[in-house]
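See below for the structure under consideration.
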Amino acid sequence: MAIDCIPQALKLRRDRRWWRATVDDGLWQETAAGLAAGRWTLISLWGEAEGVRMALADEAYGEIGVVSLPCPERRFPSVGRQHPPALRLERAARDLFGLEADGAPDHRPWLDHGRWGVRYPLGLAKPDSAATPYEFLPVQGEGVHQIPVGPIHAGIIEPGHFRFSVNGETVVRLEQRLGYVHKGIEGLMAGTDPVSAVRLAGRASGDSTVAFALAFCQAGEAAMGIDVPRRAVWLRALMAELERLANHFGDIGAICNDAAFAILQARFALLREEVLRAAADCFGHRLMMDRILPGGTAVDLPADGPRRLARLVEMVRRQLPRLVELYENTASLKGRTVGTGLLSPELARRFGAGGYIGRASGRQIDARLHPGYPPYDQLTFEVPVLNSGDVNARVWVRISEVEQSLGLVEQILGALPDGPTRGEAAAGQGEQAAEGGALVEGFRGDIFVWLRLGGDGRVERCHLRDPSWFQWPLLEAAIEGNIVADFPLCNKSFNCSYSGQDG
Amino acid sequence: MRKLLFEGLFQSPLTEPPPAAEAVAAFDLAGRLDRAARRRLGRSLAIRHVDVGSCNGCELELHALGNAFYDLERFGLRFVASPRHADVLMVTGPMCKNMGEALERTWRATPDPKWVIAVGDCAVDGGVFAGGYACHGGIAALVPVDLQLRGCPPQPLDLLAGLLNLIEENAR
Ligand code: SF4
């Protein structure tokens with residue numbers, strides 16, 4: 001429909017709302033030009049044994065397409081040259097698969113820090129020896145000096161390196177260097193059965209374990225054409241909303257804390273803890289890890305589960321309004337969050353920013369609705385969108401999403417279908433290799449998974465794309481012109497995942 | 001805000017009772033510290049957290065230690081920003097090779113006497129990430145480990161019990 005290169009595509013397959021095309025160099029570049037022109041949004045770009053692929057969405061996220069370019073020479077025309085959001089993904093594809101992006105403006109390694117003892121571990125691997133020093137981008141100007149931070153930061157946080165170039169107190173440029181927590185998850189998944197692989201997918205970013213497991217399972221189920229029992233579909237959504245609540249509470253509190261307002265941090269931390277305890281009571285794990293399995297869920301809601309969760313919702317509903325009122329009426333706090341860390345709607349759109357980051361900068365997106373997956377088609381909720389793009393907007397989108405998620409939990413509890421929670425997952429033995437994709441709305445934004453299962457039912461290739469891939473670069477943009485002291489606040493309001501992007 | 005603070009005066013505390021020292025079984029606590037060192041450290045420990053590749057699940061539960069239910073600081077335990085101020089390194093993650101140099105430098109920057117705690121299955125033996133090209137599979141590959149706290153992630157009460165054991169051992 002929106003993809004005007006389809007008729008020329010060399011090969012095209014279509015299932016449900018996903019289409020696939022194998023293209024040549026020319027069409028690949030045309031597609032890149034379409035991305036640069038804003039006709040489509042880049043969902044991901046990744047390496048495969050035989051070439052490179054990218055996923056893209058039309059404007060309404062109604063359709064998602066996967067474009068494959070075979071690369072017998074291990075090279076492909078750079079997309080990042082025309083469309084910067086692809087740059088880091090291309091650098092990662094080179095580091096992992098040895099696929100070179102011709103014409104790319106940035107050839108520095110990204111995930112490979114020269115420490116693995118091997119180059120191109122997922123491609124034609126070859127031994128590697130010494131680490132070469134990483135070259136940061138040069139910054140010029142009178143009075144500009146640099147502040148290097150990390151990889152280890154002061155606090156209980158994940159590691160990554162930030163290089164600030166500052167003039168006086170003002171940040172002129174932030175350059176990130178990530179990849180420190182690269183675990184090689186996609187490599188570890190290859191060759192495993194789906195039940196082992198979902199454990200890995202659920203640990204790509206622990207705070208989004210439910211959403212990642214859900215995305216992995218949906219991709220596998222799409223590939224195999226498996227239908228999931230209705231009760232399991234609803235329980236999965238219940239877990240996903242609890243995960244969203246817990247993380248939003250944690251985030252709102254932490255943002256207030258970074259604006260030196262500790263009482264809200266303390267209060268929101270209690271709400272978060274209450275959600276985790278309810279999750280443990282109902283599903284047997286505070287973060288609900290390993291509760292979603294291919295074909296359904298690992299556990300059912302216990303008999304007193306609905307009452308337990310109803311109590312949780314009621315307690316939150318009682319406490320939340322006063323905390324929100326305190327946030328809204330504390331001038332010293334608002335003075336820090338309003339107008340700080342501005343992200344323009346234009347940049348958010350170009351980078352396809354998901355979650356509260358995109359929605360606080362005017363993007364009307366939510367993977368639960370577009371492309372959408374059950375049971376959200378049977379539930380009523382709003383997608384809060386603001387346009388100011390500052391820290392305050394990102395707080396407010398979270399607050400509104402909390403309110404929506406509380407309503408969703410109630411609706412799910414009220415209409416939870418009976419029946420089994422796990423179908424015959426018997427992953428189509430003796431069949432051919434099958435591929436499938438999924439886009440799932442985690443608390444942080446849309447999570448993309450592309451999965452190929454072999455004829456033996458094992459994972460041949462799985463690509464996981466955390467929303468942070470497109471959010472980290474936007475943080476570099478949002479901090480520009482702010483004072484150094486506001487960086488923690490801006491950073492927290494983004495709360496990107498290091499583990500999720502590093503893989 | 002006054003309302004919230006005022007209410008706090010009349011609410012009973014949410015704080016959990018401290019876990020019994022034996023609540024966590026199978027501590028692998030090496031007696032590396034001599035008596036003098038133990039006396040010097042007393043019952044208060046400064047903790048520096050280091051993430052060497054965690055999925056961030058372990059961090060979430062380390063964070064939870066600070067909330068009013070677990071209230072780590074009532075035991076004289078606190079997280080500090082610099083390894084130079086730390087007695088204990090709590091290390092999470094499967095020891096990603098990309099974090100090797102950073103952990104070694106942090107360990108060297110931590111003054112003696114010091115303990116290292118491997119927090120979570122990943123830090124103990126690599127957990128689900130063991131065996132890949134990118135991880136050593138547990139932090140013991142690079143630094144000596146004094147205490148292992150298993151779990152994926154370990155629950156806050158288990159973390160608390162582990163730390164209290166360390167203090168008790170230290171005070172003995
Ligand atoms: S032990 Fe589990 S929760 Fe902790 S870092 Fe490893 S995978 Fe994540």
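To find a chain, count down the sequence lines: A is the first, B the second, and so on, and within it residues start at 1.
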Quick one, [X] and [Y] - any side-chain contact, counting heavy atoms below 4.5 Å?
X	Y	answer
A:Ile157	B:His49	no
B:Phe129	A:Leu200	yes
A:Arg286	B:Pro156	yes
A:Glu274	B:Phe69	yes
B:Met99	A:Pro159	yes
A:Arg203	B:Cys152	yes

Check your understanding: Based on non-hydrogen pairs under 4.5 Å, which of A:Val118, A:Asp207, A:Asp112, A:Leu287 is most in contact with chain B?
Key -> A:Asp207
Exercise for review: Could you check which of A:Gly500, A:Pro121, A:Ala246, A:Ser497 has the highest count of heavy-atom pairs closer than 4.5 Å to chain B?
Suggested key: A:Pro121
Practice item. Hey, can you tell me if B:Tyr133 and A:Trp116 have their rings parallel, tilted or perpendicular (30° and 60° cut-offs)? Key: perpendicular
Part of [X] within contact of chain A (heavy atom distance under 4.5 Å):
X	result
B:Leu4	both
B:Thr106	side chain
B:Val128	both

Exercise for review: Taking all non-hydrogen atoms of both residues into account, name the closest pair between B:Ala68 and A:Leu270 and its distance.
Suggested key: CB-CD2, 3.7 Å
Using non-hydrogen atoms and a 4.5 Å limit, figure out which bit of [X] sits close to chain B: side chain, backbone, both or neither.
X	result
A:Leu264	neither
A:Ile263	side chain
A:Phe212	neither
A:His285	side chain

Exercise for review: Start with the C-alpha gap between A:Arg272 and B:Glu61, add the side-chain angles, then the distance that decides, and say whether salt bridge (Lys or Arg N to Asp or Glu O under 4.0 Å) holds.
Suggested key: CA-CA 11 Å; A:Arg272 175 183 163 83; B:Glu61 295 299 49; 5.4 Å; no
Could you give the distance from [atom1] ([X]) to [atom2] ([Y]), rounded to the nearest 0.5 Å?
X	Y	atom1	atom2	answer
A:Asp502	B:Cys55	CG	SG	12.5 Å
B:Leu60	A:Leu276	CG	CG	8.0 Å
A:His113	B:Asn98	NE2	CG	4.5 Å

Tell me if a side-chain donor or acceptor on [X] pairs with a main-chain N or O of [Y] at a distance below 3.5 Å.
X	Y	answer
A:Arg115	B:Cys96	no
B:Asn56	A:Ser205	no
A:Lys183	B:Gly53	yes
B:His63	A:Ala269	no

Point to revise | B:Arg105 CZ: over 12 foreign heavy atoms closer than 6.0 Å | key: no
**Study point:** A:Arg108 atom CZ, neighbour heavy-atom count above 12 within 6.0 Å
**Key:** yes
Exercise for review: For the pair B:Ser54 and A:Val181, evaluate side chain to side chain contact (heavy atoms under 4.5 Å, CB included) and give the outcome as yes or no after the intermediate values.
Suggested key: CA-CA 7 Å; B:Ser54 153; A:Val181 290; over 6 Å; no
Point to revise | Option that, when pairs with chain A are counted at under 4.5 Å, heavy atom only, ranks first among B:Glu59, B:Arg48, B:Glu101 | key: B:Arg48
Review point. Looking at B:Gly126, B:Gly66, B:Ala81, which one has more heavy-atom pairs under 4.5 Å with chain A than the rest?
Key: B:Ala81
**Study point:** Audit row: A:Arg322, B:Glu7, side chain to side chain contact (heavy atoms under 4.5 Å, CB included) steps and yes/no
**Key:** CA-CA 12 Å; A:Arg322 283 194 310 178; B:Glu7 263 176 24; 2.6 Å; yes
